[in-house]
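Below you'll find the structure, written out as structure tokens, and then a few comments.
Here, residue 1 is the first one in the sequence, and each next residue gets the next number. All values reported here derive from a predicted model rather than from experimental measurement.
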Amino acid sequence: MTTQAPQAAQAVTLPTTLDEAVAALTAVPAAVPVAGGTDLMAAVNSGQLRPAALVGLGRISEIRGWQYQDGHALLGAGLTHARMGRPDFAALIPALAAAARAAGPPQIRNAGTLGGNIATASPTGDALPVLAALEATLIIAGPGGARREIPVSHLLAAVDMLRAGELIGYVRVPLLHAPQVFLKATGRTGPGRAVASVALVLDPARRGVRCAVGAIAPMPLRPLDAEQWVARLIDWDNGRTIVPEALTAFGEYVAAACIPDPVPEPDGTVQQLPPAVLHLRRTVAALARRALGRALS
């Protein structure tokens, strides 16, 4: 089928399986895959993008649900934010459900998908810090039925990019069966784009804390030293308790790691961070402190 764009005709292919979608992308390298279209259509409407052809993913039922696999959840890339925000999914991966519920107004949550959030890789994508903290991996579908697995962080950092004809098929997330928290600060009341966000998950089996900070950099940041430091202060055998002072110190540690002080000048002087950056660092510190406090409460 074809649709008429204002300036050009666009061929639209509507496959019903993941391999059919890959074949369509392989046959027309200039084609752009589209699921919810929340970011794509914004780019088209603003004139930033004029795709020569579209491959619609909305009819591929196999990527619109999830399944259990070896202690992990295998999430279809076509899962919408609205679906992930429901109670049954929240019982499975609480932090991802919280991020999905905060993704925007109902029309965005109903259309936007997990795979689209990852492929667009917007710094303010709410799912991204959660996936980074969970150390999720992607199952990439390629030509000829090929499948390969890469960490989400590798794609976001451009260490490993999607190749010609490839699509994100699934997201593999470990089921930790422990508290998880997602918090974000916006520039206005109600759902909106994050100024800063923090995802924090506990990993009791490894006696570890994983934290990722989103929206303040091109990709989520993992303050690994802060994670290891605070994990040693938690009494894992007695209710996962921690002294209140450690919560405040953890927030400051995370914020300083993600938004460090300027490098000293050759003469030894140190420039002060601009007020807006200092405010952002205080915001990150508050989010990290609250996230850990809620996870341990």
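- Taking 4.5 Å as the limit, some side-chain heavy atom of Leu18 sits within range of a side-chain heavy atom of Arg147.
- Leu25 and Ile140 end up in different hydrophobic clusters when Ile, Leu, Val, Met, Phe, Trp and Tyr side chains are linked at under 4.5 Å.
- Residues Arg101 and Arg86 form no side-chain contact, since every pair of their non-hydrogen atoms from C-beta on lies 4.5 Å or further apart.
- Counted within 6.0 Å of CD on Gln272, heavy atoms from surrounding residues, nucleotides or ligands total 12 or fewer; the atom is thus considered open.
- In this structure, Arg163 and Arg148 have side chains that are in contact, with non-hydrogen atoms separated by less than 4.5 Å.
- Defined by atom type and a distance below 3.5 Å, a donor-acceptor pair is missing between the side-chain atoms of Ser122 and Thr120.
- Looking at Arg281, its side chain does come within 3.5 Å of a backbone N or O of Ile259 through a donor-acceptor pair.
- Under a 3.5 Å cut-off, the side chain of Asp235 and the backbone N or O of Thr241 do not form any donor-acceptor pair.
- Although no hydrogens or angles enter the test, the distance criterion places no donor-acceptor pair under 3.5 Å between the side chain of Asn117 and the main chain of Thr113.
- Taking every heavy atom of both residues into account, Ile63 and Gly169 meet most closely at CG2-O, 3.5 Å.
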Test log, rule side chain to side chain contact (heavy atoms under 4.5 Å, CB included), inputs Asp225 and Tyr253: CA-CA 9 Å; Asp225 289 344; Tyr253 201 160; 3.4 Å; yes
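- A 4.5 Å side-chain heavy-atom check between Leu134 and Gln180 finds at least one atom pair inside the cut-off.
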Full working for side chain to side chain contact (heavy atoms under 4.5 Å, CB included) between Ile150 and Thr137: CA-CA 5 Å; Ile150 64 172; Thr137 59; over 6 Å; no
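- Taking CZ of Phe89 as the start and CH2 of Trp66 as the end, the distance is 6.0 Å to the nearest 0.5 Å.
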Residues Leu128, Ile118; criterion side chain to side chain contact (heavy atoms under 4.5 Å, CB included); working and verdict: CA-CA 7 Å; Leu128 304 185; Ile118 298 167; 4.2 Å; yes
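- Counting only heavy atoms from C-beta outward, the side chains of Leu224 and Trp229 never approach each other to under 4.5 Å.
- Val195 pairs in a side chain to side chain contact (heavy atoms under 4.5 Å, CB included) with only one of the listed residues (Leu280, Thr283, Val284), which is Leu280.
- Here the shortest heavy-atom pairing between Gly145 and Asp19 reads CA-OD1, 3.9 Å.
- In this structure the side chain of Arg64 reaches within 4.5 angstrom of the side chain of Thr80, judged on heavy atoms.
- Counting only distance, with no hydrogens or angles, the side chain of Glu20 and the backbone of Pro15 share no donor-acceptor pair below 3.5 Å.
- Linking Ile, Leu, Val, Met, Phe, Trp and Tyr whenever their side-chain heavy atoms come within less than 4.5 Å leaves Met219 and Val159 in two separate clusters.
- In terms of hydrophobic clustering, with Ile, Leu, Val, Met, Phe, Trp and Tyr side chains grouped at heavy-atom distances under 4.5 Å, Leu75 and Tyr170 are assigned to different clusters.
- Minimum interatomic distance between Ala295 and Val181 (heavy atoms only, all atoms of both residues): N-CG2, 3.8 Å.
- Donor-acceptor pairing under 3.5 Å is recorded for the side chains of Asp267 and Thr269.
- Using a 4.5 Å cut-off on side-chain heavy atoms (C-beta onward), Pro264 and Gln271 make no contact.
- Salt bridge status for Arg232 with Glu227: absent, with no side-chain N to carboxylate O gap under 4.0 Å.
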Derivation of the salt bridge (Lys or Arg N to Asp or Glu O under 4.0 Å) call for Arg222 and Glu135: CA-CA 10 Å; Arg222 285 281 302 276; Glu135 297 180 350; 3.3 Å; yes
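- Val201 and Ile234 are not part of a single hydrophobic cluster, where members link through side-chain heavy atoms under 4.5 Å apart.
- A salt bridge does not link Arg193 to Asp126: none of the charged side-chain nitrogens sits closer than 4.0 Å to a carboxylate oxygen.
- With rounding to the nearest 0.5 Å, the separation of CG in Leu175 from CG in Asp70 is 11.0 Å.
- There is no path of hydrophobic side-chain contacts, each under 4.5 Å, that joins Val130 to Leu292.
- Atom-to-atom distance recorded for Leu247:CG and Ile242:CD1 is 5.5 Å, nearest 0.5 angstrom.
- Of all heavy-atom pairs spanning Pro220 and Pro129, the tightest one is CG-N, 3.8 Å.
- When all heavy atoms of Ala100 and Arg109 are compared, the pair lying nearest together is O-CD, 3.3 Å.
- Note that the CG atom of Leu114 and the CD1 atom of Ile168 stand 8.5 Å from one another [nearest 0.5 Å].
- Using modelled atom types and a 3.5 Å distance limit, the side chains of Thr248 and Glu252 yield no donor-acceptor pair.
- Contact record, Ala257 with Pro223: CB-CB, 4.1 Å, taken as the closest heavy-atom pair.
- The pair Arg210-Asp203 counts as a salt bridge, with a side-chain nitrogen and a carboxylate oxygen less than 4.0 angstrom apart.
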Derivation and outcome, side chain to side chain contact (heavy atoms under 4.5 Å, CB included), residues Leu221 and Ile216: CA-CA 9 Å; Leu221 303 177; Ile216 67 170; 4.0 Å; yes
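- Atom OG1 of Thr26 and atom CD of Glu166 lie 9.0 Å apart (nearest 0.5 Å).
- With Trp236 contributing its side chain and Ala205 its backbone, the two residues share no donor-acceptor pair below 3.5 Å.
- Using a 4.5 Å cut-off on side-chain heavy atoms (C-beta onward), Leu167 and Pro33 make contact.
- A salt bridge links Arg207 and Asp237; the closest N-O separation between the charged side-chain nitrogens and carboxylate oxygens is under 4.0 Å.
- Put simply, CG on Leu200 and CZ on Arg289 are 13.5 Å apart, with the number rounded to the nearest 0.5 Å.
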